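Treat the numbers as computed from the prediction; the structure is a model and nothing was measured. Residue numbering restarts at 1 for every chain, and letters A, B, ... go by the order of the sequence lines.
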Amino acid sequence: MKVKQFCDSILIENPKVFSLPLCLDCGQAFRWEQNNGIWHGVVKNKVLNAKEVDGGVLFYTTLEDYNSIWHDYFDLARDYEKTLVDFKEDEKLKQAINEFCGIRILNQDPWEALCSFIISQNNNIPRIKGIIKRLCETFGEPLGEEDFAFPSPQTIAKLSLDDLAPLRAGFRNKYILDAAQKVATGEVDIYGLKNMSIETARSELIKIKGVGEKVAECTLLYGCGHINAFPKDVWVKRIMQEMYQDGLPKCTDGVKGIAQQYLFHWRRNSKLFENEK
DNA sequence: AACCAGGCGCATA
DNA sequence: TATGCGCATGGT
């Protein structure tokens with residue numbers, strides 16, 4: 001991945017597998033917004049503006065922040081080109097990749113991923129985004145302008161159900177509180193999950209009320225670097241039933257999370273399935 | 001106006 | 001182990 005530094009920005013030169021809209025609006029992160037081609041978002045206490053230009057992807061940031069945050073966040077050290085070549089042995093994955101090449105798995109903050117996917121349960125994406133936006137605006141640290149950090153587990157842990165009511169998250173409020181409390185006390189070592197086996201990390205996460213198999217897998221995949229985690233929501237279950245009755249093909253071994261994201265996005269957005277809505 | 005949404009906890013068998 | 005139901009809210 002070649003990088004060029006300018007006075008106010010960093011250019012990722014002609015990446016083969018990196019699309020901002022696909023990465024930032026494929027249902028893995030909920031806080032990015034696009035205006036006039038500029039993608040705007042907040043990660044850890046840093047704001048980023050980025051856009052696609054002739055010659056690559058431009059990040060308006062310093063080399064220092066690129067190296068310490070954005071390179072990792074966008075998973076730029078991983079060779080997706082090679083993985084996708086392997087995936088194309090499978091006819092269905094090949095179609096998904098041909099239509100939506102450019103998705104990468106984001107390395108989000110584990111607490112934000114946990115909290116976001118607790119909110120996601122039995123919910124739809126537009127409403128998930130709204131709840132998370134209100135959560136950040138109400139309880140997150142202001143970062144100037146219109147930006148807010150994602151509120152820390154310590155901050156949420158001090159709140160009551162009544163405090164959370166304005167989020168309009170419904171029955172999920174009690175789950176958000178339980179998660180914040182278990183993380184804040186250290187009962188669940190959220191920042192340690194990255195270095196645990198995926199099995200151990202799963203068993204840690206499901207100690208939290210409102211965290212079952214699906215939310216745990218999402219947290220592991222999007223927040224803990226466990227690239228083989230495989231969340232099965234209604235769309236992925238649909239695909240598995242329709243196309244993979246005998247399980248995923250061997251070419252996805254070790255990186256099932258990437259396969260999951262391509263299949264999920266394909267099944268939801270491809271014209272091939274539009275008659276099924 | 002129903003049906004559904006990136007599910008989960010709980011009761012029951 | 002395996003179903004089935006209720007849950008808060010609002011998008012489509």
Side-chain angles (χ1 to χ4, degrees), chain A residues 21-33 96 100 103-135 137-138 159-183 188 202-224 226-244 248 256-271 273-277:
Chain A
L22 286 175
C23 290
L24 300 176
D25 199 19
C26 70
Q28 56 173 328
F30 302 100
R31 298 188 64 200
W32 290 89
E33 291 178 1
F100 297 111
I103 298 175
R104 311 175 70 88
I105 300 296
L106 302 173
N107 291 119
Q108 303 179 56
D109 175 81
W111 160 247
E112 177 171 341
L114 170 63
C115 202
S116 298
F117 282 94
I118 285 173
I119 290 166
S120 81
Q121 67 183 84
N122 194 224
N123 212 340
N124 58 57
I125 291 179
R127 210 170 77 88
I128 295 164
K129 288 179 176 173
I131 293 169
I132 292 175
K133 187 176 170 71
R134 292 190 287 277
L135 175 68
E137 289 176 355
T138 311
L159 304 175
S160 67
L161 286 176
D162 284 345
D163 294 327
L164 294 181
L167 302 181
R168 286 174 276 148
F171 63 87
R172 304 167 190 84
N173 281 337
K174 55 184 178 293
Y175 301 152
I176 296 169
L177 269 192
D178 189 63
Q181 288 162 4
K182 288 198 166 87
V183 169
V188 171
R202 272 185 196 120
S203 61
E204 283 297 297
L205 281 169
I206 61 178
K207 290 179 183 171
I208 297 164
K209 288 196 191 72
V211 177
E213 193 177 339
K214 160 66 170 58
V215 172
E217 292 302 287
C218 286
T219 305
L220 293 171
L221 178 60
Y222 305 121
C224 303
H226 283 284
I227 200 71
N228 203 35
F230 188 69
K232 291 187 281 279
D233 76 311
V234 292
W235 295 96
V236 173
K237 282 178 181 168
R238 231 161 255 164
I239 289 185
M240 296 307 286
Q241 191 166 0
E242 293 163 352
M243 302 178 181
Y244 297 105
L248 287 182
K256 292 195 194 308
I258 298 175
Q260 179 271 154
Q261 202 63 31
Y262 275 86
L263 292 171
F264 169 78
H265 192 73
W266 182 55
R267 184 64 181 78
R268 289 189 73 219
N269 297 103
S270 174
K271 301 153 295 266
F273 306 102
E274 68 187 5
N275 53 332
E276 314 176 31
K277 185 165 148 33

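- Following rounding to the nearest Å, A:E213 (CD) and B:dG9 (C1') show an atom-to-atom distance of 15 Å.
- For the P atoms, the distance linking C:dG11 with B:dC8 amounts to 23 Å, nearest Å.
- Between A:R127 and B:dA5 there is no side-chain N or O to OP1 or OP2 distance below 4.0 Å.
- Comparing A:I128 and A:I206 along DNA chain B, the residue whose closest nucleotide (by nearest heavy atom) sits nearer the 5' end is A:I128.
- In this structure, A:G210 reaches the sugar-phosphate backbone alone: every heavy-atom distance under 4.0 Å involves primed, P, OP1 or OP2 atoms, never a base.
- Outside the 6.0 Å centre-distance limit, the rings of A:Y175 and A:F117 are not counted as a close aromatic pair.
- Among the heavy atoms of the strands, none lies under 4.0 Å from A:E217.
- Regarding A:I132, its CD1 atom lies at a distance of 15 Å from the P atom of C:dG10, rounded to whole Å.
- When the P atom of B:dG9 is taken as reference, atom NZ of A:K207 falls 15 Å away, rounded to whole Å.
- The residue A:R168 sits close only to the backbone: its heavy atoms come under 4.0 Å of sugar-phosphate atoms, none of a base.
- Looking only at side-chain heavy atoms (C-beta outward), A:L106 and A:Y222 stay at 4.5 Å or farther from each other.
- A stacked arrangement is assigned to A:F264 and the six-membered base ring of B:dG6, with a centre-to-centre distance below 5.5 Å and an interplanar angle below 30°.
- Computed from coordinates, the A:K232 NZ to B:dA5 P distance equals 18 Å when rounded to whole Å.
- The pair A:D233-A:R267 fails the salt-bridge criterion, with no side-chain N (NZ, NE, NH1 or NH2) lying under 4.0 Å from an Asp/Glu carboxylate O.
- A:I105 places its CD1 atom 13 Å from the C1' atom of B:dG6, with the value rounded to the nearest Å.
- Rounding to whole angstrom units, NZ of residue A:K209 and C1' of C:dC7 are separated by 16 Å.
- Comparing the same atom, P, in C:dA2 and in B:dG6 gives a spacing of 27 Å after rounding to whole Å.
- Nearest to the side-chain atoms of A:F171 among the listed nucleotides C:dT12, B:dG7, C:dG10 stands B:dG7.
- Within the 4.0 angstrom heavy-atom criterion, no nucleotide atom of any strand lies near A:K129.
- Rounded to whole Å, the distance from CG on A:N122 to P on C:dC5 is 15 Å.
- One interatomic measurement links the two molecules: CD1 of A:I125 to C1' of C:dT9, which rounds to 16 Å at whole-angstrom precision.
- Where A:G170 and A:N124 meet DNA chain C, the nucleotide closest to each residue was compared, and A:G170 sits on the side nearer the 5' end.
- Considering only the side chain of A:Q121, B:dC8 comes nearest among B:dA5, B:dC8, C:dA8.
- Across the interface with DNA chain B, nearest-nucleotide mapping of A:V211 and A:Y222 shows A:Y222 to be the residue nearer the 5′ end.
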